[in-house]
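In what follows, every chain begins at residue 1, and chains take the letters A, B, ... in the order their sequences are listed.
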2 protein chains.
Amino acid sequence: MKTARNTAAKTEIQDLIVTSNVALSHSEIQKSLDGLCDRVTIYRVLERLLEEGTIHKIVNVDGVVKYAGCHSCSKKHSHNHIHFSCQKCKAVTCLEDVEPSYKLPKNYKVSEMNFTLSGLCPQCL
Amino acid sequence: MKTARNTAAKTEIQDLIVTSNVALSHSEIQKSLDGLCDRVTIYRVLERLLEEGTIHKIVNVDGVVKYAGCHSCSKKHSHNHIHFSCQKCKAVTCLEDVEPSYKLPKNYKVSEMNFTLSGLCPQCL
DNA sequence: ATTCTAATGCAACAATGTTGCAAAAGTAAT
DNA sequence: ATTACTTTTGCAACATTGTTGCATTAGAAT
């Protein structure tokens, strides 16, 4: 059977994402790592961290994919919270406590949600 | 001053998007046009249609950019409606009547929202 | 230390989007 | 209809993002 291994790349990337208070993109991670490992390795590590449930993936309003640590969802792994994307400082943050409500027409079965608001964050306001 | 022109490409692309009841991606549009114009031209026409306010842009949960006609927003141009992305038939539709509610922490200024639910649409349920 | 195989690096590729520039084609005026 | 003006297009080239195959490296268990 398949056993995961702890490698320098994985440890470092995981640390970066979980420690950060904003979601990070692949290129931002790459810059931070500063040549520690290959571009491709970053993609593969992110894939593994997603599978493990250590991080989650956010597609920003501009289509840029970002990754953030899973904090509140350690027990039940759900991501039904809002993300906020600041148009000025470009930071994407998880508003873990905000759950939106809505009323769908009949016969839709929802299994996932992706809700991102953009505007100005408290720091930039 | 700059005056827009009606060209075959623009007319055709606009027609495609506005007529369609699902949002279309660049590649889907390209396939439909079947060589009517260059790939780059499609990008540029889409840009113009967005500026004009004829269409709006949706970033799907998988990061794929799609375009849909503006129907309900002819008067006040707002896109505060939910989009639904079917995991089976891959159709992305605008649920124009559904406006979500949520309660943000203090000091956030929202100027745009992007809300996409995914799951199964009525046709695929 | 040995063995097994997960993880990495590298090269190559695919998809998506952007830019510069010369040629083509709308539009308005004559 | 012809001319003049300038938007729009096509093409080539490029940038970015993400994926895949394969040989090599290096965790982890024995």
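Base contact: A/Arg39 has a heavy atom under 4.0 Å from a base atom. A/Leu36 comes within 4.0 angstrom of sugar-phosphate atoms only, judged by non-hydrogen atoms across all strands, and of no base. Across all strands, B/Ile42 comes closer than 4.0 Å to no nucleic acid atom at all (heavy-atom distances).
Residues B/His81 and B/Asp97 form no side-chain contact, since every pair of their non-hydrogen atoms from C-beta on lies 4.5 Å or further apart.
For a distance-only test at 3.5 Å, the side chain of A/Arg44 fails to qualify as a donor-acceptor partner of the base of D/dG18.
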Quiz prompt | Derivation and outcome, side-chain hydrogen bond (donor to acceptor under 3.5 Å, both in side chains), residues A/Gln87 and B/Ser111 | solution = CA-CA 9 Å; A/Gln87 291 167 332; B/Ser111 61; 3.1 Å; yes
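Side-chain proximity of A/Val40 to the nucleotides C/dT8, D/dG18, C/dA11 is greatest for C/dA11. Each of C/dG9, C/dG26, D/dT9 was ranked by its minimum atom distance to the side chain of A/Asp38; first place goes to C/dG9. Across C/dT19, C/dT16, C/dT8, the shortest atom-to-atom separation from the side chain of B/Tyr43 is found for C/dT16. Between C/dT19, D/dT8, C/dG9, one nucleotide has an atom nearer to the side chain of A/Thr41 than all others, and that is C/dG9. Relative to the side chain of B/Arg5, the nucleotides C/dT27, C/dT18, D/dG27 differ in distance, and C/dT27 lies closest.
B/Asp62 CG: more than 12 foreign heavy atoms inside a 6.0 Å radius.
D/dT17 atom P lies 17 Å from atom CG of B/Asp62, rounded to whole Å. A/Lys10 has its NZ atom 23 Å from the P atom of D/dT25, to the nearest Å. Whole-Å rounding puts the B/Glu47 CD to C/dG17 C1' distance at 10 Å. Here D/dG18 presents its C1' atom at 14 Å from CG of A/Leu50, a figure rounded to the nearest Å. We find that CG of B/Asn6 is positioned 19 Å from P of D/dT6, with the value rounded to whole Å. Rounding to whole angstrom units, CG of residue B/Asn60 and C1' of C/dT16 are separated by 16 Å. Rounded to an integer number of Å, the gap from CD of A/Glu12 to P of C/dA7 is 17 Å. Distance, B/Leu46 CG to D/dT8 P: 14 Å, rounded to whole Å.
Annotation: A/Tyr67 is not in aromatic contact with A/His56 [ring centroid separation under 6.0 Å not met]. Residues A/Phe115 and A/His83 place their aromatic rings such that the two centres sit no closer than 6.0 Å.
Place B/Ala8 and B/His26 on DNA chain C by their nearest nucleotides, and B/His26 ends up nearer the 5' end. In terms of position along DNA chain C, the nucleotide closest to B/Val64 lies nearer the 5' end than the nucleotide closest to the other residue of the pair B/Val64 and B/Ala4.
In this structure, A/Thr7 does not reach the D/dA26 phosphate: none of its side-chain N or O atoms is under 4.0 Å from OP1 or OP2.
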